[in-house]
Amino acid sequence: MKKNLPENLGMSKIVLIVIAVSALISISVSCFILNTVIKSHDEETIKLISADVYDSINNELLKAIMVSQTMANDSFLRHTLENEKNLSQEQRGELFKNYLREIKNNFFYSSAYIISDGSKNYYTENGIHKQVDTEKNPHDIWYKNFLKKNVEYAFDVDHDETNDDIWTIFINSRIRDTDGGLLGVCGIGLKLDVIQTILRINENNYDIKIDLLDRKNAYDIDTNAAKFKDPHLRNIVDNLHKNIRNADKLNLSRVDDVYIVTKYIPEIDWYLVIRRDVNMQTIFSNWIFYISVGFLIALIILLIFIRYRLNKGSKEIEETAKKHGIASHAGLYISMHLIDFGSDTIHELSRDPKVNLFIIDDGESAAAKIKHAVEEITAPESLSEMMLFVDFETLAERMKGHYELHQEFVSEKCGWCKAYFMLVDDNEDGSINQIVFAVELIDEAKRREKQLVYLSETDAMTGLRNRGSGEKTITALMNEGIEGMFCLLDADKFKSINDNYGHEVGDKVIKAIAQCLKKSFRNSDIVMRLGGDEFAAYALGVTNAEQAKIIVDRFFGEIDKIDIPELGDRKITVSLGTALFSIQDYCSFTEIYKRADSATYISKKTQGNCHTAYEDEKLS
């Protein structure tokens, strides 16, 4: 025992020396790379913040573009402008007033407007505001400039003369007829303070300064104003504009102690500029932190080397994940695993305990483990697509030229998810060395997406399909050769109800008729509100007069039950025209609409609920 003591003491000294040297080396290396690490972390942070800010602003602007473009493509709007000369001044104002009031109220914009190129009338939700005169009225020059651009839509920042001259972002859209000719311009107004509120929230959340710059018109929109204030920002944007490829990406620069990120927004031809101060206090704190971490890392590395040598492979994988910044993003996913093809192993980086995604180390290959995990969490309707997605035999070929692959699927426990393969490292021959398999929860985003689609296709007052959605669906059915009966109807003497009892009672009549349609037609039928008191429907599979009579009688029976107290003894009646669509007598949607419209015109000549079938009257 005594003979071995000096040898043990010598070994202890060697171990102590190795620990001390390792600590000094680690501390020196940590200090040397500190500035690079801090810079890389700060740059990554400001880029992630900038991407989030860009999405929040772009989503609001894209929604406004969608509404403006939907108006421009509305067949009711085009039809009314084409027949504007046949309508009285009062009729025009009333039609457009109701239409624009619905747009403004449904989407909560500060203004909605239509300019007829034929009459130059400027319509708002209050009726005819004025006549546009680009020669005598300087405020109308925007109309002339927009038409010269020959684009489908454009943004314009100006005072809203119809709304207390407040600063407003206007989204103007060109209205064309079926031959591409100009009918006019429509659009909506987005109050500038809506965008400024988004900027202010992001500035407070992230401690940043945000500007939206219109280089052509020299606008600078921030949380306080809408004018150019900082020439330095304009120089940055001018330089970026010389190379749109660079401007379209997140561009990061540093001036003194300020990070500046710029991003071109092609949809509106504006630039997003985000500034953030470098936190010197954080840098000093990180110096102390990294020196301490350096010493601890040296001790941990030595102990792992001596006592846990068998875990070397696992630690190498973990260091690879850190090296590529994978682990820092693990919180974005409900599960994240690093797959090493060389050793055919899987390393868990993160996993939400509520998610039943288990990678069990039972001697199976990595491919088998992934497939079993996917089978465990994937709903039957998504399983076949997901099994193709996680097929390791085709993965290398699919990854060629890509950093990332993704596939949406439904999980029985979590709802909608998105699976990712993210390349970490490849070999010289192009084969995969290491790759990350991650799963992201997107159920909330999917629900929001479905809600937006529902709102864009639904009439807000009645819950029926709106005109655009209904016409599109019926046209598709007719193109597929699905036969049926097209119905067109409106309420008799509806204008007198509005005039004598008020719009609130008129709205009750519209809602009551909509309920009668819902009760009379099947869920598979297409029922829509065209606008005002006009409705239409397409009953699938109804191909003869006997079938049509059953539906019409049922509908008239529901109409007779309408009881609106404010109307007293006055009964609600409708005029209905129908036309049958068949493969033998194929026609377009426009043609069948005209046939039903001519039948409806004859029904209006008879008092009370009246139905006229185009086929019975042999209308032409």
Side-chain angles (χ1 to χ4, degrees), residues 75-76 79 459 462-467 469-494 509-562 571-620:
S75 56
F76 164 75
H79 177 76
D459 177 70
T462 62
L464 301 177
R465 289 175 181 263
N466 59 28
R467 184 170 194 146
S469 171
E471 287 188 2
K472 181 179 178 181
T473 305
I474 295 172
T475 300
L477 291 171
M478 293 174 66
N479 290 338
E480 292 175 11
I482 298 177
E483 299 179 332
M485 175 181 68
F486 183 72
C487 309
L488 197 62
L489 64 111
D490 60 15
D492 295 332
K493 300 179 181 179
F494 178 75
V509 172
I510 291 173
K511 292 176 182 178
I513 295 174
Q515 287 301 313
C516 293
L517 286 167
K518 290 178 181 178
K519 293 177 181 179
S520 304
F521 286 82
R522 300 160 297 182
N523 290 337
S524 58
D525 296 332
I526 310 304
V527 183
M528 61 178 167
R529 180 187 175 204
L530 299 176
D533 63 318
E534 293 182 288
F535 298 85
Y538 189 71
L540 282 67
V542 176
T543 58
N544 56 58
E546 291 76 16
Q547 294 173 327
K549 186 176 185 303
I550 294 173
I551 295 177
V552 171
D553 289 346
R554 183 164 60 224
F555 174 60
F556 282 165
E558 293 296 334
I559 291 292
D560 288 335
K561 297 176 186 178
I562 294 177
K571 298 295 292 181
I572 300 300
T573 60
V574 297
S575 296
L576 172 66
T578 61
L580 297 177
F581 169 74
S582 66
I583 299 299
Q584 292 75 19
D585 183 24
Y586 183 87
C587 63
S588 65
F589 176 83
T590 302
E591 178 58 28
I592 202 168
Y593 185 99
K594 289 180 179 178
R595 293 178 181 179
D597 188 43
S598 61
T600 304
Y601 179 78
I602 292 178
S603 292
K604 287 181 177 293
K605 297 178 181 180
T606 302
Q607 189 173 358
N609 292 327
C610 183
H611 166 227
T612 302
Y614 174 85
E615 293 75 19
D616 293 342
E617 296 295 326
K618 294 184 172 57
L619 302 171
S620 58

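Quantities reported herein were computed from a predicted structural model and do not represent experimental measurements. Along the sequence shown, residues carry numbers from 1.
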- Message: Looking only at the side chains, is there a donor atom on one of S603 and T612 sitting less than 3.5 Å from an acceptor on the other?
- Response: yes
- Intermediate values then yes/no, side chain to side chain contact (heavy atoms under 4.5 Å, CB included), L576 and C610: CA-CA 6 Å; L576 172 66; C610 183; over 6 Å; no
Identify all side-chain donor-acceptor contacts of residues 531-539 below 3.5 Å with residues at least two apart in sequence or on another chain.
residue	atom	partner	partner atom	Å
D533	OD2	A491	N	3.2
Y538	OH	I482	O	2.7
Y538	OH	G484	N	3.1

- Identify the heavy atoms of G608 and D492 that sit nearest to each other, and give their distance. O-OD2, 3.7 Å
- Message: I'd like to check the side-chain hydrogen bond (donor to acceptor under 3.5 Å, both in side chains) partners of S520; sequence neighbours left out, ordered by chain and number.
- Response: none
- Task: Would you check if I559 and T573 make a side-chain contact, meaning some heavy-atom pair closer than 4.5 Å?
- Result: no
- Identify the two heavy atoms, one from K571 and one from I562, that lie closest to each other, and give their separation to 0.1 Å. NZ-O, 3.8 Å
- Item | Separation of L580 CG from N544 CG (nearest 0.5 Å) | 7.5 Å
- Item | Separation between CZ of R529 and CZ of F76, rounded to the nearest 0.5 Å | 9.5 Å
- Item | Evaluation steps, side chain to side chain contact (heavy atoms under 4.5 Å, CB included), between F581 and L477 | CA-CA 11 Å; F581 169 74; L477 291 171; over 6 Å; no
- Message: Show, in sequence, the C-alpha distance, side-chain angles and deciding distance for T543 and S582, and conclude whether the side chain to side chain contact (heavy atoms under 4.5 Å, CB included) test is met.
- Response: CA-CA 7 Å; T543 58; S582 66; over 6 Å; no
- Query: What pair of heavy atoms forms the shortest contact from L517 to L464, and how long is it?
  - Reply: CD1-CD1, 4.4 Å
- Task: Determine whether the side chains of D459 and T462 contain a donor N or O and an acceptor N or O closer than 3.5 Å.
- Result: yes
- Task: Could you tell me the separation between the OG atom of S588 and the CE atom of M478, rounded to the nearest 0.5 Å?
- Result: 6.5 Å
- So which heavy atom on C516 is nearest to which on F555, and how close? CB-CE1, 3.8 Å
- Query: Between F521 and I526, is any pair of side-chain heavy atoms under 4.5 Å apart?
  - Reply: no
- Message: Tell me the closest heavy-atom pair linking G577 and A599, and the distance in Å.
- Response: CA-CB, 3.8 Å
- Just by modelled atom types, is the A596 backbone N or O under 3.5 Å from a matching donor or acceptor in the T600 side chain? yes
- Query: Sequence neighbours excluded, which residues qualify as side-chain hydrogen bond (donor to acceptor under 3.5 Å, both in side chains) partners of E591?
  - Reply: R595
- Looking only at non-hydrogen atoms, find the nearest pair between K549 and D553 and report the distance. NZ-OD2, 2.6 Å
- Close side-chain approach of S575 to D490, heavy-atom, < 4.5 Å: yes
- Test side chain to side chain contact (heavy atoms under 4.5 Å, CB included) applied to K493 - qualifying residues, sequence neighbours left out: S496, R570
- Message: Could you check whether atom NZ of K472 has more than 12 heavy atoms from other residues, nucleotides or ligands sitting under 6.0 Å from it?
- Response: no
- Message: Filter on side-chain hydrogen bond (donor to acceptor under 3.5 Å, both in side chains), then keep only pairs touching residues 477-489, sequence neighbours left out; what's left?
- Response: N479-Y586
- Before giving the answer on side chain to side chain contact (heavy atoms under 4.5 Å, CB included), spell out for E471 and M528 the whole-Å C-alpha distance, their side-chain angles and the decisive distance to 0.1 Å. CA-CA 9 Å; E471 287 188 2; M528 61 178 167; 4.1 Å; yes
- Is the number of heavy atoms from other residues, nucleotides or ligands under 6.0 Å of K519 NZ greater than 12? no
- Is the NZ atom of K518 crowded by more than 12 outside heavy atoms at less than 6.0 Å? yes
- side chain to side chain contact (heavy atoms under 4.5 Å, CB included) with D560: which residues, sequence neighbours excluded? N609
- Interatomic distance, E546 atom CD to I551 atom CD1 [nearest 0.5 angstrom]: 12.5 Å
- Query: So how far is it from F486 CZ to D597 CG, rounded to the nearest 0.5 Å?
  - Reply: 9.0 Å
- Message: Nearest 0.5 Å, please: how far is CD in E615 from OG1 in T578?
- Response: 6.0 Å
